[in-house]
2 protein chains.
Amino acid sequence: MQITRETDYAIRCVLYLTSRTDRVVMVDEISREMAAPKSFLAKILQKLVKADIARSFRGVKGGFQLSREPRDITLLDVIEAVEGSIALNACVLDRTACGFSSTCAVHPIWIGLRAEFNELLKKHNFADIAGTKPSSDREP
Amino acid sequence: MQITRETDYAIRCVLYLTSRTDRVVMVDEISREMAAPKSFLAKILQKLVKADIARSFRGVKGGFQLSREPRDITLLDVIEAVEGSIALNACVLDRTACGFSSTCAVHPIWIGLRAEFNELLKKHNFADIAGTKPSSDREP
DNA sequence: TAAAATAGGAGAATATATATCTTATTTTCA
DNA sequence: TGAAAATAAGATATATATTCTCCTATTTTA
Ligand code: SF4
Ligand code: SF4
């Protein structure tokens with residue numbers, strides 16, 4: 001019922017790239033700054049590239065950069081880039097996962113909740129998130 | 001990002017008990033009807049008892065029964081009975097799980113999402129769910 | 001062409017989910 | 001009163017998923 005560490009790393013990563021849109025950033029730097037294991041993060045960045053959230057450059061002077069405006073990248077985008085389509089119960093993504101799905105009274109509820117939940121996640125984009133002051137920084 | 005099989009079994013179980021509030025039901029019967037492994041289900045029922053969702057009776061003629069009105073048992077109640085408090089990211093349940101929590105811009109978002117999500121789950125009680133016709137049963 | 005970076009695949013280590021088994025306790029009723 | 005039938009509780013096994021590393025290939029720069 002939680003996002004994985006991998007997904008959290010991905011979010012930190014996009015958040016860091018949001019603060020460095022002016023240049024190309026190496027995995028090593030993101031890894032250091034966001035305290036995520038370098039080789040794991042490299043894999044995660046590949047997923048972000050496939051999802052057209054980041055762009056990569058190889059070779060000397062290579063690295064990563066966001067490929068879209070932070071305002072056009074939502075929490076849902078990043079989560080789905082890493083975990084694929086999400087749902088709160090297996091039967092939502094694959095009806096055949098459960099023999100009861102055609103008669104089950106809970107099944108349609110999970111489907112509805114998935115839609116509502118995804119909407120909640122879509123509401124948060126990285127321009128807004130990067131602009132958010134954490135509670136401990138708020139003024140009196 | 002999904003509920004576990006254990007939790008789904010728990011929900012099926014409460015749903016079955018909702019349809020049999022007139023009597024005490026043995027684990028064996030729930031297991032058969034809801035296609036859940038008997039000894040696993042027995043463990044799950046212990047959690048439901050601890051959460052005051054079900055009541056148990058030992059010995060011959062023993063079994064289980066809901067201990068509250070179906071209308072007063074929500075999806076959130078059952079999920080929390082099985083999984084404990086839920087949140088979408090580890091730092092929400094335990095700030096110390098992540099060194100960034102005091103400065104992280106995403107942290108407060110997860111806290112807000114948790115509250116919104118829990119509200120969604122609270123809206124569904126078992127009286128309503130049991131009254132829901134699955135899509136395949138709807139009239140033309 | 002050497003050095004520095006990412007790409008991609010394989011796989012190891014660890015944690016979690018999914019059960020099962022065994023023994024103890026409670027309750028009924030012949 | 002004692003055998004049978006049920007749950008309680010704890011230990012343990014198995015499977016799967018998560019988390020992370022390593023190796024080799026490819027690309028790019030200078
Ligand atoms: S029992 Fe209902 S809710 Fe649970 S997996 Fe099957 S169809 Fe989905
Ligand atoms: S990085 Fe932020 S959101 Fe992620 S675990 Fe740490 S505090 Fe929570």
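Note that these values count all heavy atoms, side chains included, but never hydrogens, waters or copies made by symmetry. In what follows, every chain begins at residue 1, and chains take the letters A, B, ... in the order their sequences are listed.
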Let me know the distance between [atom1] of [X] and [atom2] of [N], rounded to the nearest Å.
X       : N      : atom1 : atom2 : value
B:Leu45 : D:dT7  : CG    : C1'   : 10 Å
B:Lys38 : C:dT20 : NZ    : C1'   : 12 Å
A:Ile44 : C:dT6  : CD1   : P     : 14 Å
A:Leu41 : C:dG8  : CG    : P     : 16 Å
A:Phe40 : C:dT14 : CZ    : P     : 15 Å
B:Leu48 : D:dT7  : CG    : P     : 14 Å
A:Gln2  : C:dA15 : CD    : C1'   : 13 Å
A:Lys50 : C:dG9  : NZ    : C1'   : 11 Å

Report yes if at least one side-chain N or O of A:Tyr9 is closer than 4.0 Å to OP1 or OP2 of D:dT19; otherwise report no.
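No.
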Does the side chain of B:Ser31 pick up a donor-acceptor pair with the side chain of B:Asp28 at under 3.5 Å?
no
Need to verify one output field. Residue with the more 5' nearest nucleotide on DNA chain D, B:Gln46 or A:Ile3?
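The 5'-side residue here is B:Gln46.
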Using a cut-off of 4.0 Å on non-hydrogen atoms, how would the nucleic acid contact of [X] be classed: base, sugar-phosphate, or nothing?
X       : answer
B:Val27 : sugar-phosphate
A:Ser56 : sugar-phosphate
A:Glu6  : sugar-phosphate
B:Lys43 : base

Passing option when A:Phe126 is tested against A:Ile53, A:Thr74, A:Val14, A:Leu17 for side chain to side chain contact (heavy atoms under 4.5 Å, CB included)
A:Val14
Connected via hydrophobic side-chain network under 4.5 Å: A:Phe100 and B:Tyr9
no
Kindly indicate whether the side chain of A:Arg58 and the base of D:dT26 share any N or O donor-acceptor pair separated by less than 3.5 Å?
yes
Any N or O donor-acceptor pair linking the side chain of A:Arg5 to the base of D:dT18 at under 3.5 Å?
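Counting by modelled atom types and ignoring angles, no donor-acceptor contact under 3.5 Å is found here.
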Test side chain to side chain contact (heavy atoms under 4.5 Å, CB included) applied to B:Tyr16 and B:Arg20, step by step:
CA-CA 7 Å; B:Tyr16 188 75; B:Arg20 299 288 187 280; 3.6 Å; yes
Heavy-atom distance under 4.5 Å between the side chains of B:Asp77 and B:Arg68, does that happen here?
yes
Out of D:dC20, C:dT18, C:dA5, whichever nucleotide has its closest atom nearest the side chain of B:Thr4:
C:dT18
